[in-house]
Protein chains: 2
Amino acid sequence: MGNPFKLDLGDYLPYLVNRVGAIIAEQFGEEALAPHGLSIAMWRVMVVLASEANQRQIDLAALTSIDASTLSRLVTRLVRMGLVTRTRSARSNREVAVKLSAKGRALVVRLIPIAREYEAAAIAGVPAEELAVVKRCLRLIYGNMKSRPAPKSGSQQLPPHDRLLA
Amino acid sequence: MGNPFKLDLGDYLPYLVNRVGAIIAEQFGEEALAPHGLSIAMWRVMVVLASEANQRQIDLAALTSIDASTLSRLVTRLVRMGLVTRTRSARSNREVAVKLSAKGRALVVRLIPIAREYEAAAIAGVPAEELAVVKRCLRLIYGNMKSRPAPKSGSQQLPPHDRLLA
DNA sequence: GCAAAATAATTGACAATGCATCAGTTGTAA
DNA sequence: TTACAACTGATGCATTGTCAATTATTTTGC
């Protein structure tokens with residue numbers, strides 16, 4: 001049990017979190033999204049746009065946990081499907097402004113109540129105060145990881161003479 | 001707020017769960033797994049094998065939330081890397097028995113304490129009793145979705161006590 | 001026992017993804 | 001100003017994942 005070289009998956013938070021995310025996404029995706037030709041990633045982009053219109057792609061990427069290059073192509077697909085528009089941002093010429101189209105908004109509005117039903121099915125039997133604890137902890141945990149010192153750029157920085165050459 | 005056609009993502013459980021899963025996987029994957037040539041999916045397979053050796057691929061698929069065909073290719077890669085072995089099951093000739101190799105076990109044993117560190121960093125500031133609530137709720141939620149009537153085809157049977165929770 | 005259905009794993013064709021990189025734009029500091 | 005760094009988005013390429021068969025084996029119903 002306390003063996004540091006064994007991992008009890010049933011008590012390991014990343015595992016518990018991942019499988020819950022996977023099973024909700026799988027069921028909602030197959031049953032509610034696939035009939036509309038949408039993937040989970042597309043749904044996530046659209047639902048973010050529904051709550052905060054007019055986002056830059058890099059913000060969408062951060063909000064949806066989707067890689068920026070993946071998101072660029074994803075938006076291209078959504079534009080082709082007529083669900084969002086991509087225009088040059090007014091503020092800056094290197095940014096784009098992604099918005100829901102009328103068709104896209106209509107689709108999200110139809111899907112949101114269904115998404116709520118899946119959420120309700122998921123949390124059935126969870127007392128309200130415990131659900132509040134869960135949500136608050138998940139927000140805290142995300143913040144913990146988000147603010148972790150990134151060993152990527154911090155410790156692997158190139159020596160000065162290499163930076164000059166790069 | 002109570003608008004049924006808007007979704008407050010900061011209060012929407014699937015969103016909260018997904019971003020937590022994504023950020024932990026991203027950081028652990030890049031910092032701890034990538035140096036060993038492992039992906040998150042590979043890690044999940046190996047850690048499941050570490051707690052329950054000798055699994056069929058279909059069981060591994062269920063335990064890791066990885067598609068069976070994806071898992072087949074994944075195991076092929078792990079075999080090529082010398083981390084697991086794949087032999088025909090003794091019990092049935094259509095089944096396959098996947099096990100960690102000595103090299104694979106050594107690697108998991110080295111990674112498990114690191115995985116615990118990431119978990120510890122994630123849950124920093126979460127009181128023990130709240131963490132217990134979170135884990136218990138996540139298990140319940142998973143069970144809820146697992147036992148949901150599948151509109152697809154065959155309805156999976158569950159023991160009565162699980163059904164009551166749904 | 002035997003045909004039919006179910007199960008386990010695999011494969012082919014195709015789509016999606018991620019990394020590295022590039023191009024264009026904006027911010028900054030000498 | 002001007003050069004340089006940082007930012008934003010897009011793309012080439014290889015890897016990876018998914019869906020729909022396909023093969024092989026086992027179980028089930030008659």
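Everything quoted here is computed from the prediction, not taken from an experiment. Below, chains carry the letters A, B, ... as their sequence lines are ordered, and counting in each starts from 1.
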Expressed in angstrom and rounded to an integer, what is the separation of [X] atom [atom1] from [N] atom [atom2]?
X: B:Leu60; N: C:dT10; atom1: CG; atom2: C1'; answer: 15 Å
X: B:Gln57; N: C:dA9; atom1: CD; atom2: P; answer: 5 Å
X: A:Glu26; N: D:dT18; atom1: CD; atom2: C1'; answer: 12 Å

Quiz item: Within the modelled atom types, does a donor on one side and an acceptor on the other bring the side chain of B:Arg73 and the base of C:dG12 under 3.5 Å apart?
Solution: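 Between C:dG12 and B:Arg73, which were checked side chain against base, a qualifying N/O pair under 3.5 Å is present.
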
Practice problem: Would you kindly check whether a donor in the side chain of A:Arg88 faces an acceptor in the base of D:dG9, or vice versa, at under 3.5 angstrom? | Solution: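 No pair found.
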
Have a look at [X] and say if it touches a base, only the backbone sugar-phosphate, or nothing, with a 4.0 Å heavy-atom cut-off.
X: B:Ser69; result: base
X: B:Arg56; result: sugar-phosphate
X: A:Arg91; result: nothing

Exercise. Could you tell me whether the side chain of B:Leu78 reaches within less than 4.5 Å of the side chain of B:Arg86, counting heavy atoms only?
Key: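 Contact flag for B:Arg86/B:Leu78 side chains = no.
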
Quiz item: B:Ser92 has a side chain; which of D:dT25, C:dT26, C:dA9 sits nearest to it?
Solution: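 The listed nucleotide nearest to B:Ser92's side chain is D:dT25.
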
Exercise. Go through the steps to decide whether B:Leu138 and A:Leu13 satisfy the test side-chain contact (heavy atoms from CB on, under 4.5 Å), and finish with yes or no.
Key: CA-CA 9 Å; B:Leu138 288 175; A:Leu13 191 79; 4.0 Å; yes

[N] phosphate, OP1 or OP2: any side-chain N/O from [X] under 4.0 angstrom?
X: B:Arg86; N: C:dA8; answer: no
X: A:Arg94; N: D:dA6; answer: no
X: B:Thr70; N: D:dG17; answer: no

Self-check item: A:Met42 or B:Ala97, whichever maps to the more 5' nucleotide of DNA chain C
Solution: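 Nearer the 5' end of the strand: B:Ala97.
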
